[in-house]
Asker: 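Here you go, one structure.
Order of appearance sets the numbers: ligands from 1, and atoms from 1 within every ligand.
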Amino acid sequence: MPTQRKQVLVFRELPPAQLDRIARAHDVTVADPRQPGQRAAFDAALPTAQGMIGASFPIDEAVLARAPQLSVVSSISVGVDNYALAEMHRRGILLCHTPGVLTETTADTIFALVMATSRRLVELANLVRDGGWTRNIGEDLFGSDVHGKTIGIVGFGRIGQAVARRAALGFGMPVLYHARRPAEAPELDGHARQASLEQLLAESDIVVVTLPLSDATRGLMGAREFGLMKPGAIFINGARGAIVQEAALLDALDRGTLKAAGLDVFATEPLPFDSPLRTHPRVTALPHIGSATHETRQAMAALATTSLLQALAGERPAAVYDTGSASA
Ligand SMILES: NC(=O)c1ccc[n+]([C@@H]2O[C@H](COP(=O)([O-])OP(=O)(O)OC[C@H]3O[C@@H](n4cnc5c(N)ncnc54)[C@H](O)[C@@H]3O)[C@@H](O)[C@H]2O)c1
Ligand SMILES: O=C(O)[C@H](O)CO
């Protein structure tokens, strides 16, 4: 029996094939509140919305309060820090997300940052582009090896372990990881060792953050943590900007404690034009592209759409986030 048509608010652009799947079964409003001309339509759709799908906009308590009919929100992201989790749990609103389909792509991006910072790829490619390659480069422009270096991974879930596989199995790097419990990752046996955060920071040549943003991780990397890192170490953030105290990161770079930082994410996005991180000579900054390939963004949209349709049909979606847990 076909399900009754419901009201769906799409708050971020969806590929046409996914939008069609939703529109065949339900009444759809497309309104991205980040676009100035669409905010009013978004606000107008909230009172009747039964399902929502989108990303990159905070669905906070104020938004939820204006959506009394809402039963499911499907996020086109694995991170759920944009959602008022406790309020969704209280109201029994399902939260779906996109774990797994973006793991390998995001790990590729993070490993690209490891390579780019260690071997100074962006800086030296720009030197060539700017006509500065007029003689053989000297030691002042040498990078540092990646293979064989110790990598410390803070947060050892899907993406953290995918980074570890690249590092250990591809580049012969010993892996330290900080996690709340020992990882079940047989392919990394003999390659990866659990460590306290302090031990990991003190012993790693390259530190990579792959934690979710939560109350427990907000601002986790501050002056104390950067101060514990090896002089000349490299710091990579492929998770969420707010896990890092950016002033402390800049200070560690300027003092020379850190050799370089590779950042895909920032406390404020897009990165403000006047942020010192934008132009710092030893920062490689990317515009939050962890999962941004054609294949992966299609897969994320398809999974989020499937979950939304399953939830609206009264089925249990495959990728539901447990809003009752404090964090991932
Ligand atoms: N840069 C990007 O474009 C991009 C892409 C995908 C995901 N992300 C971010 O990466 C995060 C991780 O994604 P995932 O799929 O690997 O999630 P995941 O849930 O598989 O892994 C997160 C791990 O961190 C652990 N963790 C949580 N809080 C912790 C704490 N306080 N101390 C130690 N460990 C803790 C969890 O137990 C889990 O093992 C997402 O939440 C998202 O914010 C960023
Ligand atoms: O959490 C995620 O899925 C990525 O950051 C993309 O938004």
Side-chain angles (χ1 to χ4, degrees), residues 11-13 34 53-59 74-83 85 95-114 152-166 176-185 188 192 194-201 207-221 225 236-244 262-267 269-271 284-293 296-304 307 319-323 325-328:
F11 63 98
R12 185 180 176 159
E13 197 178 3
R34 296 168 309 161
I53 181 168
S56 310
F57 183 78
I59 305 299
S74 193
S75 187
I76 314 167
S77 68
V78 68
V80 292
D81 45 286
N82 262 329
Y83 301 91
L85 302 178
L95 176 60
C96 306
H97 67 148
T98 61
V101 291
L102 46 52
T103 298
E104 300 300 330
T105 298
T106 306
D108 287 349
T109 306
I110 290 172
F111 216 81
L113 280 173
V114 170
I153 303 179
V154 186
F156 208 55
R158 291 171 290 256
I159 295 170
Q161 291 179 33
V163 172
R165 288 194 294 276
R166 284 156 178 73
L176 295 176
Y177 67 89
H178 174 59
R180 292 181 292 202
R181 59 193 78 85
E184 285 170 32
L188 291 170
Q194 191 176 9
S196 68
L197 181 60
E198 288 73 17
Q199 203 182 358
L200 179 153
L201 295 172
V207 170
V208 175
V209 173
T210 62
L211 286 166
L213 176 61
S214 67
D215 290 346
T217 64
R218 188 176 296 278
L220 180 83
M221 289 298 301
E225 288 69 28
I236 309 289
N237 188 3
R240 284 292 183 268
I243 296 170
V244 174
L263 309 172
D264 185 42
V265 287
F266 299 88
E269 297 180 1
L271 184 62
T284 302
L286 299 178
H288 199 145
I289 58 160
S291 62
T293 64
T296 295
R297 285 291 168 86
Q298 292 282 351
M300 290 165 69
L303 175 57
S307 292
V320 176
Y321 181 84
D322 177 8
T323 51
S325 65
S327 62

Asker: Would you kindly specify which portion of Thr98 sits under 4.0 Å from ligand 2, judged on non-hydrogen atoms: side chain, backbone, both or neither?
Answerer: neither
Asker: Which of the numbered atoms in ligand 1 are below 4.0 angstrom from a heavy atom of Thr106?
Answerer: 4 (C), 5 (C), 6 (C)
Asker: Going by the atom numbers of ligand 1, which of them fall below 4.0 Å from some non-hydrogen atom of Asp264?
Answerer: 1 (N), 2 (C), 3 (O)
Asker: Who's the nearest protein heavy-atom neighbour of atom 3 (O) of ligand 2, and how far?
Answerer: Val78 N, 2.7 Å
Asker: Quick one: does Phe156's side chain get under 4.5 Å of Gln161's, heavy atoms only?
Answerer: yes
Asker: Identify, by atom number and element, the atoms of ligand 1 in contact range of Ile159, meaning under 4.0 Å from any of its heavy atoms.
Answerer: 6 (C), 7 (C), 10 (O), 13 (O), 14 (P), 15 (O), 16 (O)
Asker: Is Arg240 touching ligand 1 with its side chain, its backbone, both, or neither, if touching means heavy atoms under 4.0 Å apart?
Answerer: side chain
Asker: CD1/Ile243 to OG/Ser214 distance, rounded to the nearest 0.5 angstrom?
Answerer: 7.5 Å
Asker: With a 4.5 Å limit on heavy-atom distance, are the side chains of Arg12 and Arg34 in contact?
Answerer: yes
Asker: Just jot down the ligand 2 atoms closer than 4.0 angstrom to any heavy atom of Leu102, in number order.
Answerer: 3 (O)
Asker: Answer whether the closest heavy-atom distance between the side chains of Tyr177 and Leu188 falls below 4.5 Å.
Answerer: no
Asker: Using a 4.0 Å cutoff against the non-hydrogen atoms of Thr217, which atoms of ligand 1 qualify?
Answerer: 31 (N)
Asker: Show which atoms of ligand 1 fall inside a sub-4.0 Å distance from at least one heavy-atom site of Ser291.
Answerer: 3 (O)
Asker: Below 4.0 angstrom from a heavy atom of Phe156, which ligand 1 atoms are there? Numbered from 1 as shown, please.
Answerer: 39 (O)
Asker: Looking only at non-hydrogen atoms, find the nearest pair between Asn82 and Phe57 and report the distance.
Answerer: ND2-N, 3.6 Å
Asker: Any atom of ligand 1 sitting under 4.0 Å from a heavy atom of Thr103?
Answerer: no
Asker: A side-chain contact here means heavy atoms from C-beta on lying under 4.5 Å apart; do Leu201 and Met221 qualify?
Answerer: yes
Asker: Examine distances only and state if a side-chain atom of Thr98 and a backbone atom of Ser77 form a donor-acceptor pair shorter than 3.5 Å.
Answerer: yes
Asker: Taking distance alone, with N or O pairs closer than 3.5 Å, would you say Gly79 contacts ligand 2?
Answerer: yes
Asker: When only distance counts, is Gly290 in polar contact with ligand 1, meaning an N/O pair under 3.5 Å?
Answerer: yes
Asker: Mark yes or no for whether Thr210, through its side chain, and Gly155, through its backbone, hold a donor-acceptor pair below 3.5 Å.
Answerer: yes
Asker: Main chain of Ala304, side chain of Ser74: is a donor-acceptor contact present, judged purely on distance under 3.5 Å?
Answerer: yes
Asker: May I ask you to decide if the ring planes of His97 and Tyr321 are parallel, tilted or perpendicular, using 30° and 60° as cut-offs?
Answerer: perpendicular
Asker: Would you indicate whether the side-chain heavy atoms of Pro212 and Arg240 approach each other to under 4.5 Å?
Answerer: no
Asker: Is it the case that ligand 1 has an N or O less than 3.5 angstrom from some N or O of Asp81?
Answerer: no
Asker: Tell me, please: is Ser214 in heavy-atom contact with ligand 1, that is, under 4.0 Å?
Answerer: no
Asker: Students should be able to answer this: which protein heavy-atom is nearest to atom 4 (C) of ligand 2, and at what distance?
Answerer: His288 NE2, 3.7 Å
Asker: Nearest heavy-atom pair of Val101 and Thr296: which atoms, and what distance?
Answerer: O-CG2, 3.7 Å
Asker: Would you call Arg240 a ligand 2 contact, heavy-atom distance under 4.0 Å?
Answerer: yes
Asker: Any atoms of ligand 2 less than 4.0 Å from a non-hydrogen atom of Ser77? List them with their elements.
Answerer: 1 (O), 2 (C), 3 (O), 7 (O)
Asker: List every atom of ligand 1 that sits less than 4.0 Å from any heavy atom of Thr210, numbering the atoms from 1 in the order shown and giving each element.
Answerer: 12 (C)
Asker: Considering residues, nucleotides and ligands other than Glu13, do more than 12 of their heavy atoms fall under 6.0 Å from its CD?
Answerer: no
Asker: Which atoms of ligand 1 have any heavy atom of Val78 under 4.0 Å away?
Answerer: 6 (C), 7 (C), 15 (O), 40 (C)
Asker: Yes or no: does Leu213 have any heavy atom under 4.0 Å from an atom of ligand 1?
Answerer: no
